Number of protein chains: 2
Amino acid sequence: MDAEQAPPETSSDREDHLKRDRTARSFVTSEDVARLAGVSRSAVSRTFTPGASVSADVRHRVQEAAKTLGYRVNRLARSLISDQSNLVGVVGANLSLPFMARQLDELSRELLRRGMQCLLLNAAEAEQGITPLIELILEFRVRAIVVMSGSPPSSIIDECMANGVRVILVNRQDDDTEADTIISDDLNGARIAAERLLRAGCRRIGVVGSGAQTPTQIRRRGAFVDRVREAGIEPAVWASGGTAYETGMDAARGLLSAHDLDGVFCVTDLMALGFLDGAREMGRRVPDDLSIIGFDDIQQSAWAAYRLTTIRQSMSDLTESVLAAIERKMTGERGDLAHEVLPVELVERATVRSTS
Amino acid sequence: MDAEQAPPETSSDREDHLKRDRTARSFVTSEDVARLAGVSRSAVSRTFTPGASVSADVRHRVQEAAKTLGYRVNRLARSLISDQSNLVGVVGANLSLPFMARQLDELSRELLRRGMQCLLLNAAEAEQGITPLIELILEFRVRAIVVMSGSPPSSIIDECMANGVRVILVNRQDDDTEADTIISDDLNGARIAAERLLRAGCRRIGVVGSGAQTPTQIRRRGAFVDRVREAGIEPAVWASGGTAYETGMDAARGLLSAHDLDGVFCVTDLMALGFLDGAREMGRRVPDDLSIIGFDDIQQSAWAAYRLTTIRQSMSDLTESVLAAIERKMTGERGDLAHEVLPVELVERATVRSTS
DNA sequence: GTTAGGTTTGCACACGTGTGCAAAGGTTGC
DNA sequence: GCAACCTTTGCACACGTGTGCAAACCTAAC
């Protein structure tokens, strides 16, 4: 208001007050644009609000001024009013693992396409669980939180829900939580794997997992063991190391030197590829001496050096379900939590003997 | 103020005004905490501001109230004042490619560790360039922008710089831009690769790249071709397809059926692995008949099925340089743009004949 | 008891934006 | 020319936070 009466003085006054020098200039505000265009600040705001009432003349002048000054609306201030941002918090660890990377790639792409942005927090260093990360995300007033790694305690999930922020757990445990959960059908997948090995005539069977006691690991391994036992076979079990290629390699060396297996299920493709390389190193011919099945169908499994038979979970289905859950939030309904179990399918390649 | 005189009426009044029902309750504000603790809002703010002046008694009461109500500071509002957030914008595409995934993994992890958050925008669908994405990022008043994909025109970079937002280009072109650029030493790496092949006795040499005309591609291919020509050899060139494993496979089929090569440099490990598989498929023995060198040293290159000899760029060096650039921004200095060229090294594995 | 000095507290403003409301302006029909 | 109506515009408030400033309070020294 004083600004219009004495522009130069106010301008320098403002700079003094904010203690900013010219090299680190602040952002252009709608006030600046309004002044240049000779209109009120409201007119500027309305120009950038679809469906608002502005005359063509004013709109043009404002746009011109905005372009001249390089004006960008401040989403922080905007979100302050609407009390919601277009941000979606994403918690993930080991982003370089093929399956995780692919998941993040698709999710971030689709989020952007639908006008949302992705606030990514890497849970790698989260020794005390991911609760602090979720608390941090909440401070950004996100629209929803997607958890791809770690197991949030139900207390923090409740807090999110109480604040209207949906929590979507991807391939995490599904029991006793109030969150949306989207998992691939681990039980059925493991069962299919077991049956495929049995059908190939395997009788000395093993199962390979990492030492991490994640729900996914446990489900896949458990369902596989159960099914194999039904056939009267007690499988050899490997469960140590991290979720990595090297673990598969170690498992091959460990299991194959102790048992003469002819069929192995690895709960993760990445470990399956390591196991395959390890088995070859030990002179086993795949699939003639030994059949191997993985889970996930990562891109590397299709590579010519491997051609791994595996259980595929559809990545696009998964992404789509996550997005559906996020967008369901917007309608403001309640109590309609998603508990989706996505179907899996067997992908036949070259690491299991064809049924005789 | 009226609130303390007639709490219930004001409360319902407020709800009516905001048109919110109980299912979608708003977040708790510092005002709410202050009321419960029986102090002013300033006291609440100061309690959560390190180094502010609050008595132990008040601090305790506030913390108690905050815990009871589940208060989370609103970072959007906070950033509105300080005119800067702890956000760092990251632009990347093809996040599932091993090299990119690894880069993002390290970057997001380190950012979080230093108290910053990662605003990730996937540039996959950016047909009209990444300028719109950067504009979007600017609206969040980020502290800096890291570009790992696409080539931003200098106009948008200038705008960022004018607003005090550093732009850091990772493995992008370095000429004629006002941004920080951090690239690995492509020229030297390609030269080392060429010399290694020549030293192994290769004389019928090829080079494989994708059809994408990215600066990295061009630099690596160009430097390699130059060095080979110095030795009086004209290399066969493959340059089509995407940046993928399949491209390497196609290249092997195409190049090897036309020329009887004994040494090949692939500008990317991913393509090298495809090429290696393709060469094997065509009956070539590696490294006896044919030597192959890649670039990047992705994790898959160390796998037993490949054991690819390659040029390594240190991921941790790269991440560290990016972070250093981001943090240099905070000091507010000017004109001290980074133009780093990170050293590379040859990693000897099993796809090049040992020097006789 | 008084004063000086330190600590704690609340007021009030600022940050940049969206939007209800009423005033102003413009158009049309009689 | 006037009334009725629609469009456009500006004012003023709201969002939730941080912080300078001065008042209030407490402590200790004289």
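Throughout, a chain's letter reflects where its sequence line sits, starting with A, and its residues are numbered from 1. Just so you know, these numbers use all the heavy atoms, side chains as well, and skip hydrogens, waters and symmetry mates. None of these values were measured; they are calculated from a predicted model.
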Quick note, salt bridge (charged side-chain N to carboxylate O under 4.0 Å, His left out) partners involving residues 49-60 of chain B, not counting sequence neighbours, are B/Asp57-B/Arg61
Closest non-hydrogen contact found for B/Ile168 with B/Val322 is CD1-O, 4.0 Å
Between CZ of A/Phe27 and C1' of C/dG16 the distance, given in whole Å, is 12 Å
Item to complete: Measure from the ring center of B/Tyr71 to the ring center of B/Phe27 and say whether it is less than 6.0 Å.
Response: no
Tabulate protein N/O versus nucleotide N/O from nucleotides 5-11 of chain C, keeping only pairs under 3.5 Å, one per line.
| residue | atom | partner | partner atom | Å |
| --- | --- | --- | --- | --- |
| C/dT9 | OP1 | B/Ser55 | OG | 2.9 |
| C/dT9 | OP2 | B/Ser55 | N | 3.0 |
| C/dG10 | OP2 | B/Ser40 | N | 3.0 |
| C/dG10 | OP2 | B/Ser40 | OG | 2.9 |
| C/dG10 | N7 | B/Arg46 | NH2 | 2.9 |
| C/dG10 | O6 | B/Arg46 | NH2 | 2.7 |
| C/dC11 | N4 | B/Ser42 | OG | 2.8 |

In short, the helix from C/dG1-D/dC30 to C/dC30-D/dG1 is bent end to end, axes from five pairs each side, to 10°, by 40°
Rounded to whole Å, CG of A/Asn74 lies from P of C/dT17 at a distance of 5 Å
(message) Is a donor from one side chain sitting under 3.5 angstrom from an acceptor on the other, for A/Asp105 and B/Asn94?
(response) no
Discussion item. On the nucleotide D/dT17, are OP1 or OP2 found under 4.0 Å from the side-chain N or O atoms that B/Ser30 carries?
Written reply: yes
Quiz prompt | Any donor-acceptor pair under 3.5 Å from A/Thr181 side chain to A/His339 backbone | solution = no
When rounded to whole Å, the CG to P distance for the pair B/Leu80 and C/dT17 reads 9 Å
In whole angstroms, the gap separating P of D/dC15 from CG of B/Asp32 amounts to 11 Å
(message) Looking only at the side chains, is there a donor atom on one of B/Glu110 and B/Thr319 sitting less than 3.5 Å from an acceptor on the other?
(response) no
Check: NA contact type, B/Phe48, heavy-atom cut-off 4.0 Å: base, sugar-phosphate, or nothing?
Finding: nothing
According to a strict under-4.0 Å criterion, is A/Ser45 in side-chain N/O contact with OP1 or OP2 of C/dT17? no
Between CG of B/Leu138 and P of C/dT17 the distance, given in whole Å, is 13 Å
Here the distance between atom P of C/dT17 and atom CD1 of A/Ile81, to the nearest Å, is 10 Å
Polar pairs (N or O, both sides) under 3.5 Å between protein and nucleotides 23-27 of chain D?
none

Contacts of A/Glu139 meeting salt bridge (charged side-chain N to carboxylate O under 4.0 Å, His left out) (sequence neighbours excluded), chain-then-number -> B/Arg75
A/Gln84 CD to D/dG16 C1', in whole Å, measures 16 Å
Here the salt bridge (charged side-chain N to carboxylate O under 4.0 Å, His left out) pairs for residues 145-162 of chain A, sequence neighbours left out, are A/Glu159-B/Arg72
Tested for side chain to side chain donor-acceptor pair (under 3.5 Å) against A/Asn86, the lone hit among A/Arg143, A/Arg114, A/Gln117 is A/Arg143
Inset, instruction - Report yes if some heavy atom in the side chain of B/Ser316 is under 4.5 Å from a heavy atom in the side chain of B/Glu106; otherwise report no. - result: yes
- Could you tell me whether the side chain of B/Asp180 and the main chain of B/Ala338 form a donor-acceptor pair under 3.5 Å? yes
Rounded to whole Å, the CD-P distance (A/Glu31 to C/dG18) equals 14 Å
